[in-house]
There are 2 protein chains.
Amino acid sequence: METPEDTDRGRKPGRPRSAESQRAILEATSRLLDSMPVRALTIEGVAKAAGVGKPTIYRWWDSKCALVMDVFLAKTAAQVPIKETGPVVAALSEHVLRVIAMLRGRAGQIVAEIVGEGQAEPHILEEFRERFFLRLLAPARATIERGKQTGELPPDLDTDLAMDLIYGPIYYRLLVGHQPLDKPFARSLAARVATTLQT
Amino acid sequence: METPEDTDRGRKPGRPRSAESQRAILEATSRLLDSMPVRALTIEGVAKAAGVGKPTIYRWWDSKCALVMDVFLAKTAAQVPIKETGPVVAALSEHVLRVIAMLRGRAGQIVAEIVGEGQAEPHILEEFRERFFLRLLAPARATIERGKQTGELPPDLDTDLAMDLIYGPIYYRLLVGHQPLDKPFARSLAARVATTLQT
DNA sequence: AATAAAACGTTACGGATCGTTTCGTAATAT
DNA sequence: ATATTACGAAACGATCCGTAACGTTTTATT
């Protein structure tokens, strides 16, 4: 989202950007996303639903994907809480359960659709990595680091690799869709955290 | 690819389907894919490059993705060989190395692009799962089953889960792109096969 | 040899959507 | 009062979709 850089409140002459229009755009996009896939969403459709001109949308967002990303991140807690005290393995196991629960349903679909669109637009994928994946998984990463400090985990553990070993199977299922993100899977994966990190 | 069902050689009257046109379409698509992403490929572009009419392409393939899939699968060995004797862990470790090597470069990009397009077209994703993923990973799955038979692996091991634990991180990196599919990663992942399967 | 049938390449079609431009109007700073 | 900017509406040229129309070519059938 490209916010106007009026730091010293509207110093420039001319009509100010309409926050109301912006809100209408976000709201219309959110509503439309409830009933159609990202691919079917169009800027023209959003403009019509929001009662707004197309140029106004383009004034705020570069592309459909950028808009969808903002809407998704606004309505989705982009950070799943993790227990910051106690055994790190238990904290991570629970985090795995919560991440899987979060990716079940429409939220997971949208994540998959954005990543899908991102295959054709690298900068979208990069932005989504930073704004979603990095943020979502940051607490888990920090917890692994903590475990290396406390001695609960091997100090030479490769954190990047460990993160991929734990969370890779989740996104594999989400994106390829060969198996469901159901509770048995979640429990099995959570139960594996210990052996994955400690051996 | 929709082949004509002329089992008893061209029994129907009328001009037969032109195998030459089909070849030209496949060849043109392959050539175009070397210099542009799947998203940028168009049926009109292929028709022009192949010296063929659009309707002829639609006679053979339902959609751009179906065509791309055929081209990709034709030029890519959709099955990475695996050693069928000896220790199963060693066989699987080597298979992991080979799969990662295969997904490095343009082939991996196309896999990611097809999966990406598949997020908006479920039937495409399903077809690609069956024709690429299932086929590529079938030998590994069979090897795990063999290990359960020989006692090298726990007999109650969940094969589906095991497959995702091993291969999930690979596709996670391929599709999200947060880390490279480089050789250190490949070696680390291969080295982890034993502990992943045996504990 | 004549006829019917089917695929061919070409061309054109209506439709959707893109991202931009133009226009007259509204809102703000100077 | 004037300059400046955003606004909504409308229209633009462009691209690509998937299909249809047309005359031509190739085959099986009669």
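We name chains A, B, ... by the order of the sequence lines, and we start the count at 1 in each one.
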Visitor: How long is the span from the CZ atom in B:R141 to the CG atom in B:L136, to the nearest 0.5 Å?
Guide: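 Separation between the atoms: 12.5 Å.
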Visitor: Can you give me every donor-acceptor pair (side chain of residues 44-59 of chain A, partner residue at least two apart or in another chain, under 3.5 Å) with its distance?
Guide:
from: A:E44; atom 1: OE2; to: A:K54; atom 2: NZ; distance (Å): 2.8

Visitor: Atom CH2 of B:W61 and atom P of D:dT19: how far apart are they, to the nearest Å?
Guide: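 To the nearest whole Å, that distance equals 16 Å.
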Visitor: What string of B, S and - do you get for nucleotides 2-17 of chain D, 5' to 3', if B is base contact, S is sugar-phosphate-only contact and - is no contact with any protein heavy atom under 4.0 Å?
Guide: --BBBBSB------SB
Visitor: Atom CD1 of B:I25 and atom P of C:dA7: how far apart are they, to the nearest Å?
Guide: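 Rounding to the nearest Å, CD1 of B:I25 and P of C:dA7 are 14 Å apart.
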Visitor: Only pairs at least two apart or in different chains count here, so list each ring pair (Phe, Tyr, Trp, His ring centres under 6.0 Å) that has a residue in residues 88-117 of chain B.
Guide: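 Those involving residues 88-117 of chain B are B:H95-B:Y167.
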Visitor: For residues 189-199 of chain A, which residue pairs pass the side-chain hydrogen bond (donor to acceptor under 3.5 Å, both in side chains) check, not counting sequence neighbours?
Guide: none
Visitor: I need the NZ-P distance between B:K48 and C:dT10, as an integer number of Å.
Guide: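 Rounding to the nearest Å, NZ of B:K48 and P of C:dT10 are 10 Å apart.
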Visitor: Round to the nearest Å and state the distance from B:I57 atom CD1 to C:dC8 atom P.
Guide: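 Checked: the CD1 to P distance equals 11 Å.
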Visitor: Just jot down the side chain to side chain contact (heavy atoms under 4.5 Å, CB included) partners of A:A40, sequence neighbours excluded, or say none.
Guide: A:M36, A:P37
Visitor: The criterion is ring-ring contact (aromatic ring centres under 6.0 Å, His included); which residues satisfy it with B:F185, sequence neighbours excluded?
Guide: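 Listed in chain order: nothing, the list is empty.
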